[in-house]
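Okay, structure first, notes after.
Note that the structure is predicted; figures quoted are calculated from it, not measured.
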Amino acid sequence: MDNLISLVNKIQRACTALGDHGEASALPTLWDSLPAIAVVGGQSSGKSSVLESVVGKDFLPRGSGIVTRRPLVLQLHKSDEGTREYAEFLHLPRKRFTDFAAVRKEIQDETDRETGRTKQISSVPIHLSIFSPNVVNLTLVDLPGLTKVAVEGQPESIVQDIENMVRSYIEKPNCIILAISPANQDLATSDAIKISHEVDPTGERTLGVLTKIDLMDKGTDAVDILEGKSYRLKFPWVGVVNRSQADINKNVDMIAARRREREYFASTPEYRHLAHRMGSEHLAKMLSKHLETVIKSRIPGIQSLINKTIVELETELSRLGRPIAADAGGKLYSIMEICRLFDQNFREHLDGVRSGGDKVYNVFDNQLPAALKRLQFDRQLSMENIKKLITEADGYQPHLIAPEQGYRRLIEFTLVTIRGPAEAAVDAV
């Protein structure tokens with residue numbers, strides 16, 4: 001399973017890296033066709049906390065209002081036990097981040113570089129890879145939170161802009177929708193469920209996550225939702241208990257938070273019978289297993305698309321030609337090869353092997369001579385003009401024959417005159 005998901009992650013990363021440099025038009029299509037998990041939810045629904053719980057690290061920007069202003073393509077790579085955890089950004093190749101506070105700052109800075117220090121949004125994604133022995137192989141896309149009104153500093157169209165951006169990801173048939181809804185709000189008002197139902201009415205691609213279960217009013221619980229009685233999805237709902245703001249302020253680590261989450265579900269009477277499929281750890285494993293299942297079911301189509309993309313890339317590479325050597329000897333060899341091929345083609349035209357030889361002969365037999373006849377050689381080669389050129393070149397000096405420098409000046413002047421018709425003949429050929 002890990003190898004299969006890891007392979008898809010590598011293909012997606014390669015497609016993105018080449019596509020960003022405009023290397024080939026076929027790569028974005030391949031990227032869009034590969035399965036991925038899009039995280040959808042309203043603002044302050046707990047999306048960031050869920051992602052951090054899955055990863056086990058604090059690395060996402062936090063704050064009030066709209067914090068996620070660009071899509072974040074998050075690829076998790078499970079590394080060997082005992083290896084050090086680190087993160088890499090696609091826009092900063094070969095730079096490893098071992099301090100995840102620096103990862104958070106870089107996400108903020110890269111967002112600001114694209115949108116400015118405003119509350120604007122951008123559809124240009126940030127690509128982040130995290131390598132850790134404590135994660136499962138996954139590809140997650142964190143999207144800006146859905147909102148209902150524009151706040152100060154945002155255009156009036158931002159509500160629709162965010163919805164359009166979210167739809168552009170979750171409408172893809174290979175996209176798995178992770179719908180995040182807070183338990184302390186009525187599920188009927190959930191932005192994530194509403195938009196997920198519109199693009200996936202049968203629930204075939206939707207996984208529901210219920211956050212903030214511990215913040216529900218006393219005397220109420222989320223059992224009906226978690227058991228699929230209030231709103232049924234094809235796959236079971238997963239409840240999570242994220243860290244509170246006080247825990248975040250106190251820097252409570254993820255290990256302690258996960259332990260507290262397990263204890264909450266195991267010790268709460270209403271949820272005790274569901275504890276085995278609750279929590280962020282179960283969610284991560286479930287997502288990885290589900291992604292594996294989707295990839296396996298799509299393998300024939302993915303393989304066909306990869307083969308088609310390879311053919312398109314090879315055709316494009318063939319059209320662009322072979323790489324040019326960097327050293328002087330290699331460059332000279334390439335030039336000589338080009339000249340040899342041209343000479344061969346030219347001879348084949350003249351010998352009748354290729355069509356068009358009669359046109360080449362016509363250029364040299366008719367076009368070039370006619371152009372040369374129209375030149376004013378009589379004036380340029382007059383005795384008076386020749387004497388003038390020789391005098392200007394050598395001055396008044398006694399010579400038995402005309403000086404060489406004067407001849408050179410005369411020849412150069414004549415060559416300049418016939419350059420135009422000669423180049424026109426070359427262009428015609």
Side-chain angles (χ1 to χ4, degrees), residues 1-40 54 71-79 90 125 127-131 135-143 165-179 195-209 232-236 238 282-319:
M1 176 185 73
D2 290 344
N3 291 338
L4 187 60
I5 298 176
S6 179
L7 176 61
V8 171
N9 282 355
K10 290 176 181 178
I11 295 173
Q12 288 173 325
R13 190 170 177 84
C15 288
T16 305
L18 292 173
D20 285 348
H21 289 86
E23 299 292 343
S25 57
L27 293 173
T29 302
L30 178 58
W31 201 106
D32 291 341
S33 300
L34 295 173
I37 301 172
V39 185
V40 181
V54 169
L72 175 68
V73 179
L74 175 64
Q75 290 186 329
L76 306 182
H77 304 264
K78 184 173 180 62
S79 55
L90 192 63
H127 293 265
L128 172 64
S129 294
I130 294 178
F131 300 80
V135 300
V136 292
N137 286 307
L138 270 179
T139 296
L140 299 162
V141 183
D142 185 23
L143 297 168
M165 185 193 302
V166 171
R167 285 181 182 275
S168 69
Y169 280 87
I170 65 176
E171 285 178 342
K172 298 168 186 174
N174 282 352
C175 178
I176 302 165
I177 306 168
L178 189 64
I195 195 170
S196 300
H197 180 71
E198 291 174 1
V199 300
D200 180 33
T202 61
E204 296 284 329
R205 300 187 288 115
T206 304
L207 302 172
V209 177
R232 181 174 293 277
L233 294 172
K234 182 178 178 180
F235 306 98
V238 177
H282 171 77
L283 175 63
K285 294 175 182 177
M286 184 195 72
L287 290 175
S288 183
K289 186 175 180 180
H290 185 67
L291 184 59
E292 174 210 5
T293 303
V294 172
I295 291 173
K296 283 183 177 179
S297 67
R298 303 288 197 276
I299 281 178
I302 294 173
Q303 188 173 14
S304 175
L305 185 60
I306 289 175
N307 291 336
K308 179 184 176 183
T309 305
I310 290 173
V311 172
E312 292 178 2
L313 291 175
E314 288 177 345
T315 303
E316 190 167 350
L317 286 172
S318 177
R319 180 180 61 81

Q. Less than 4.5 Å apart, any side-chain heavy atom of Ile130 and any of Leu128?
A. yes
Q.
With a 4.5 Å cut-off on side-chain heavy atoms, are Thr293 and Ile295 touching?
A. no
**Q.** Spatial distance of atom OG (Ser129) from atom CG (Leu74) [nearest 0.5 Å]
**A.** 8.0 Å
(Q) When you measure from the side chain of Arg232 to the backbone of Gly203, do you find a donor-acceptor pair of N or O atoms at a distance under 3.5 Å? (A) no
Q: Would you indicate whether the side-chain heavy atoms of Val54 and Leu76 approach each other to under 4.5 Å?
A: yes
Q) Do the side chain of Ser304 and the main chain of Pro300 share a donor and acceptor less than 3.5 angstrom apart? A) no
Q) Do you know the tightest heavy-atom contact between Gly208 and Leu233? A) N-CD1, 3.5 Å
Q.
To check you understand the geometry: which heavy-atom pair defines the closest contact between Leu291 and Pro35, and what is its length?
A. CD1-CB, 3.9 Å
Q.
Going by side chain to side chain contact (heavy atoms under 4.5 Å, CB included), name the residues that satisfy it together with Ser318, two or more places apart in sequence or in a different chain.
A. none
Q: Could you list the residues that satisfy side chain to side chain contact (heavy atoms under 4.5 Å, CB included) with His282, not counting sequence neighbours?
A: Val238, Arg277, Met286
Q | Ring geometry between Phe235 and His290 (parallel below 30°, tilted from 30 to 60°, perpendicular above 60°) | A | perpendicular
(Q) If I compare all heavy atoms of Arg205 with all of Cys175, which pair ends up nearest, and what's the gap? (A) NH1-O, 2.7 Å
**Q.** Expected output: side-chain Ser288 to main-chain Lys285 donor-acceptor under 3.5 Å
**A.** no
Q: Locate the shortest heavy-atom distance separating Val294 from Ile176; write the atom from each residue and the value.
A: CG2-CD1, 3.8 Å
Q) salt bridge (charged side-chain N to carboxylate O under 4.0 Å, His left out) with Lys234: which residues, sequence neighbours excluded? A) Glu204
Q | Partners meeting side chain to side chain contact (heavy atoms under 4.5 Å, CB included) with Ser79 (sequence neighbours left out) | A | Thr83, Pro133
Q. Is there a side-chain contact between Asn307 and Val311 (heavy atoms, below 4.5 Å)?
A. no
Q) Can you find a pair of side-chain heavy atoms, one from Asp200 and one from Ile170, that are under 4.5 Å apart? A) no
Q.
Holding to side chain to side chain contact (heavy atoms under 4.5 Å, CB included), I want the full list of residues that pass it with Arg167, two or more places apart in sequence or in another chain.
A. Glu163, Glu171, Ile195, Glu198, Val199
Q) So which heavy atom on Val73 is nearest to which on Pro125, and how close? A) CG2-CB, 4.0 Å
Q. Is any side-chain heavy atom of His77 less than 4.5 Å from a side-chain heavy atom of Asn137?
A. yes
(Q) To the nearest 0.5 Å, what is the distance between CG on Leu287 and CG on Leu138? (A) 5.5 Å
Q: Please list, chain by chain and in numerical order, all residues satisfying ring-ring contact (aromatic ring centres under 6.0 Å, His included) with His197, sequence neighbours excluded.
A: none
